[in-house]
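In what follows, every heavy atom counts, from backbone to side chain, and hydrogens, waters and symmetry copies are set aside. Below, read A as the first sequence line, B as the second, and so on, with proteins coming before strands; counting in each chain starts at 1.
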There are 2 protein chains.
Amino acid sequence: MRRGEPDTAPNGRPDAPGGAATRPPSQADVAALAGVSSQTVSRVVSGRAKVEEATRRRVVDAMQILGYRANTAARALATGRFHTIGVLGFTFGAHGNARTLQAISEQAQDAGYSVTVMTVRRHTEGALREAVTALGDQAVDGIVLIDPQILDRPGLELPTGVPVVISDGNPDRRYPSVNNDQTAGARGAVDHLLGLGHRTVWHLAGPRDSYAAQQRAAAWHAALKAAGVPIPPIVYGDWSAQSGYEAGRAIATAGEATAVFAANDHMALGLMRALDDAGVSVPGDLSVVGFDDVAEAAFFKPPLTTVHYDFEQLGRECVSLLLRLIAEPSADARVAVAPTPLIVRGSTAPPPSRAGGSGRH
Amino acid sequence: MRRGEPDTAPNGRPDAPGGAATRPPSQADVAALAGVSSQTVSRVVSGRAKVEEATRRRVVDAMQILGYRANTAARALATGRFHTIGVLGFTFGAHGNARTLQAISEQAQDAGYSVTVMTVRRHTEGALREAVTALGDQAVDGIVLIDPQILDRPGLELPTGVPVVISDGNPDRRYPSVNNDQTAGARGAVDHLLGLGHRTVWHLAGPRDSYAAQQRAAAWHAALKAAGVPIPPIVYGDWSAQSGYEAGRAIATAGEATAVFAANDHMALGLMRALDDAGVSVPGDLSVVGFDDVAEAAFFKPPLTTVHYDFEQLGRECVSLLLRLIAEPSADARVAVAPTPLIVRGSTAPPPSRAGGSGRH
DNA sequence: ACACCGGACCGAAACGTTTCGGTAACGCGC
DNA sequence: GCGCGTTACCGAAACGTTTCGGTCCGGTGT
């Protein structure tokens, strides 16, 4: 790593085309050109201290001429801050996570932070865990955990020493979490269906290990209980349309349900498709409510009544909270939650009248 | 940043609960505990040089005891390498980009690299551009450009000195690009429809500034031309289901088309919804082919015939190529492209017979 | 005139790695 | 027993910032 260049610079180093890669300009180079010391350059770039206007101009000009860019690594080494937050999850390809990540990225960028994504493989054991851990620590100032069930993996330790916030996670965990009001959303869905006259509402839940799925299921259960209506068994899916389709077949075969609340829109889509295949009309014979309000939901057939979920707000709040915790580790962890309004479209209606309702099959 | 601790360490610094944040262990600490010098520790962690087994054990044990983690910033400063690649795009919330990013992240992680996402706002001018640029340079060893039309933004300069690869971009640009075989996919879609007996095929294209959209449109055009059939005017959308719906209304009103090739599945969905609203049956009156093969496409009504697109392969190839270029800037830039097979489902059929076909309204 | 003060700036010491150049210790052939 | 190459290690110099502790200087109150 030595420079290896003689101090008595011989006539111009070869900057010729195809020549040696020339080292990018450093603070010291700027300082030399501007005729100041390097820490004055530092003061100018950080803007944290007084610099006389004339000096400042000279420095800025020199930076311009040389095309100076601060070296992130050196800064991080000196300050101990990376100005980077890590986002840790199973996948960023899934709809909700992708939207949340985008919001996180924008919000972080506005605050001068960059975002590193760290994915942990779902079905991976052993050594890779350590790799993830090693990746995560020391290179980020804080972490947003976007798939909180990662915490359930034995042996996966999050780096200590940096704050962690959980997106859509269980609040009684060891880390602060940010949640939209899923409970209200699920309750709104159930109440809407009951209000239409359905005797009860079935639930097509997300995977058991997902906290979001758990919370939606719990709210569904509570709403039914509060209404004093019978509580059907939960049907489980894995968020995918395929799993929704399979659940739909089962529900159609059972032939009891008149209303189903699905824990996300993709499963609702598969569900509706299965019902259609089975000759059950939506919403004539059976009403369906989704969750998420994906951009495509309005164009399903029928257009899906669903709970709107604000992933963008979720991501932004995660960043805000995390930055507060980075600045002041004991900061207040309370955050505002976004509302989850029900968007009523065409997939819900009153239950079929008694006459034609029971023998439909 | 000075340590400020007396060299003659007084009896045990207070590591008491709530005590001062104690500096993480450094290489030197490990070296001291193991009774070796710090560069031997370096040799052990890098594994690049011979170390006697006994020494090696002592060092490893010491690292274990102290919970040593290498400091990324210091390493980056010393080596000039960050072991990080940046992914630059307009948004990671969109379906294709999200899947590509996920694949990039996994592939990079397997190679020991981490991934930083950098988003540039679509409708933003001026100073923010510089922010993006500043963010991008010096902190990454290479860049994957996931929304190549970013290059069309005047004034946005990519950092020089690091390799850049373009995902799904125009090959005659200044950077190497990785493309799946979009042309074959689009041609397959058109040929399928023509093979079913349609006189011609309309095209619902993606936004004009998208290279992927351009390429699909060009392939559609070429396929029609090769078949010697009339070429209808292109209808443009913006990838969204909403824009597909609007296009569908126009196409239904015109009443000429019997087959439409949509440049992605979401637009195809909106299109089908508009046709349905207009009383045009799919595929009875009009056939629709999509592009992407999103997981939900099989559950649309009708199930969508579409071109399968392998975003995962795309992302992986981008990383492979980029890592080759990082290691050897003049490396061969040729990459394998993934096939784009047509998945035939229920949204395509032969055109309506002449009798009932023309007067459908 | 003098001490004093604050503003603008500088010299130099960290931050924790990697790596260059060396150096003891050791085996080996002559 | 002497040179010589190897092996296993170490001392110390970078890498480019930030920041501590000063210094120089021009003003101000007495």
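- When the C1' atoms of four end pairs are superposed on the next four at each end of the helix from C/dA1-D/dT30 to C/dC30-D/dG1, using five pairs per end, the two resulting axes differ in direction by 50°, to 10°.
- Taking every heavy atom of both residues into account, A/R43 and A/K50 meet most closely at NE-O, 4.3 Å.
- In this structure, A/Q39 atom CD and D/dT23 atom P are separated by 15 Å, rounded to whole Å.
- Two residues, B/A74 and B/G35, neighbour DNA chain D, and the one matched to the more 5' nucleotide by heavy-atom proximity is B/G35.
- With sequence neighbours excluded, the residues that form a side chain to side chain donor-acceptor pair (under 3.5 Å) with A/T84 are A/S114.
- Separating the CD atom of B/E53 from the P atom of D/dC9 is a distance of 11 Å, rounded to the nearest angstrom.
- Residues B/Q102 and B/T100 bring no donor and acceptor atom of their side chains to less than 3.5 Å of each other.
- Within the 4.0 Å cut-off from OP1 or OP2 of D/dT18, at least one side-chain nitrogen or oxygen of A/Q27 is found.
- Within the 4.0 angstrom heavy-atom criterion, base atoms lie near B/S42.
- Between the CZ atom of B/R75 and the P atom of D/dA14 there is a distance of 22 Å, given to the nearest Å.
- Taking atom CZ on A/F82 and atom P on C/dC15, their separation rounds to 15 Å, with Å as the unit.
- Between the B/D29 side chain and the B/S26 main chain, a donor and an acceptor come within less than 3.5 Å of each other.
- Between the side chains of A/Q313 and A/R316, a donor-acceptor pair is found at a separation under 3.5 Å.
- In this structure, B/D147 CG and B/F92 CZ are separated by 7.5 Å, a value rounded to the nearest 0.5 Å.
- Panel note: side chain B/T55, backbone B/V51; no donor-acceptor pair is recorded below 3.5 Å.
- For B/Y68, taking side-chain heavy atoms from C-beta onward, the closest of the listed nucleotides C/dT17, C/dG16, D/dT17 is C/dT17.
- Between the NE2 atom of A/H83 and the P atom of D/dT17 there is a distance of 15 Å, given to the nearest Å.
- For C/dC10, one of the phosphate oxygens OP1 or OP2 lies less than 4.0 angstrom from a side-chain nitrogen or oxygen of A/S37.
- Atoms CZ (B/R81) and C1' (C/dT17) sit 16 Å apart, rounded to a whole Å.
- Straight-line distance from the CG atom of A/L77 to the C1' atom of D/dT19: 13 Å, rounded to whole Å.
- Considering only side-chain N and O atoms, A/T55 lies nowhere under 4.0 angstrom from the phosphate OP1 or OP2 of C/dA8.
- Nearest nucleotide to the A/R43 side chain, out of C/dC9, D/dC10, D/dT19: C/dC9.
- Here C/dA24 presents its P atom at 19 Å from CD of B/E52, a figure rounded to the nearest Å.
- Ranking C/dG11, D/dG16, C/dT18 by closeness to the A/A78 side chain, first place goes to D/dG16.
- Take the nearest nucleotide of DNA chain C for A/V36 and for B/S38: the residue whose nucleotide is more 5' is A/V36.
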